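This report concerns only the one structure given below.
This structure is a prediction, so every number in the text was calculated from the model and none was measured.
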Amino acid sequence: MIPGRPRTVAAAGLAAAALLLQGCATATPAVYGPIGPEVPYGYKDRPNTDGGHTVLVVMAGHATAAELRVFFERRAAELCPAGIDRTNVFRVQANEYYADAPYVQGSAGVGSRSRVGVELEGYVYCKPVPEGPPPPAAAG
């Protein structure tokens, strides 16, 4: 048997396990809820003067456009108890961080770019709440 081989195999196994655990920790699904001082991801909305609402959804960089849209539609349904009349998504943005490398390889600079967040913003317009029958008159 080669001396030191079991330690090398054990070290490689531990390194692989650590990478797998790190991958699982960074790819956690976003939790649906309002954005706050301690919560950077979720939704935020405000009413508009025309009767609609502006809804902003912010998620971590690994989120897909479909996941953003699910959060947007869910918040729209909460804002519109009688149903959604129409929506208009006007902005989808990926926020990136660029780390410039302090060295040059060949004649080109080297750096790396990573997504740190994605945002979706749009308008939500609700159907009017139907009026029910008038309350019965009091007998007396």
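- Closest approach of Thr87 to Glu73, counting heavy atoms only: OG1-OE2, 4.3 Å.
- The same ILVMFWY cluster, assembled from side-chain heavy atoms under 4.5 Å apart, contains both Val55 and Val92.
- Ile84 and Val89 fall into different hydrophobic clusters, where Ile, Leu, Val, Met, Phe, Trp and Tyr are joined by side-chain heavy atoms under 4.5 Å apart, directly or via other members.
- Of all heavy-atom pairs between Cys126 and Leu79, the closest is SG-O, 3.6 Å.
- Using a 4.5 Å heavy-atom cutoff, the side chains of Arg75 and Val57 are not in contact.
- When every heavy atom of Ala63 is checked against every heavy atom of Arg115, the shortest pair comes out as O-NH2, 3.3 Å.
- A pairwise comparison of heavy atoms in Val124 and Cys80 identifies CG1-SG, 3.7 Å as the closest pair.
- Closest approach of Arg46 and Glu121 over heavy atoms only: NH1-OE2, 4.2 Å.
- Annotation: the span from Arg69 atom CZ to Thr64 atom OG1 amounts to 12.5 Å, rounded to 0.5 Å.
- For CZ of Arg91, the number of neighbouring non-hydrogen atoms (other residues, nucleotides, ligands) closer than 6.0 Å is greater than 12.
- For Asn88, there are no side chain to side chain donor-acceptor pair (under 3.5 Å) partners, not counting sequence neighbours.
- Put simply, the side chain of Pro34 reaches to within 4.5 Å of the side chain of Tyr43, judged on heavy atoms.
- Alongside Tyr41, the hydrophobic cluster contains Ile35, Leu56, Val58 (criterion: ILVMFWY side chains under 4.5 Å).
- Within a 6.0 Å sphere centred on OH of Tyr32, heavy atoms belonging to other residues, nucleotides or ligands number more than 12.
- Across all their heavy atoms, Ala82 and Pro128 have their closest contact at CB-O, 3.7 Å.
- Atoms OG and NE2, from Ser114 and His62 in turn, are 12.5 Å apart once rounded to the nearest 0.5 Å.
- Under 3.5 Å, the side chains of Tyr125 and Asp50 contain a donor-acceptor pair of N or O atoms.
- With sequence neighbours excluded, the residues satisfying ring-ring contact (aromatic ring centres under 6.0 Å, His included) with Tyr123 are Phe90.
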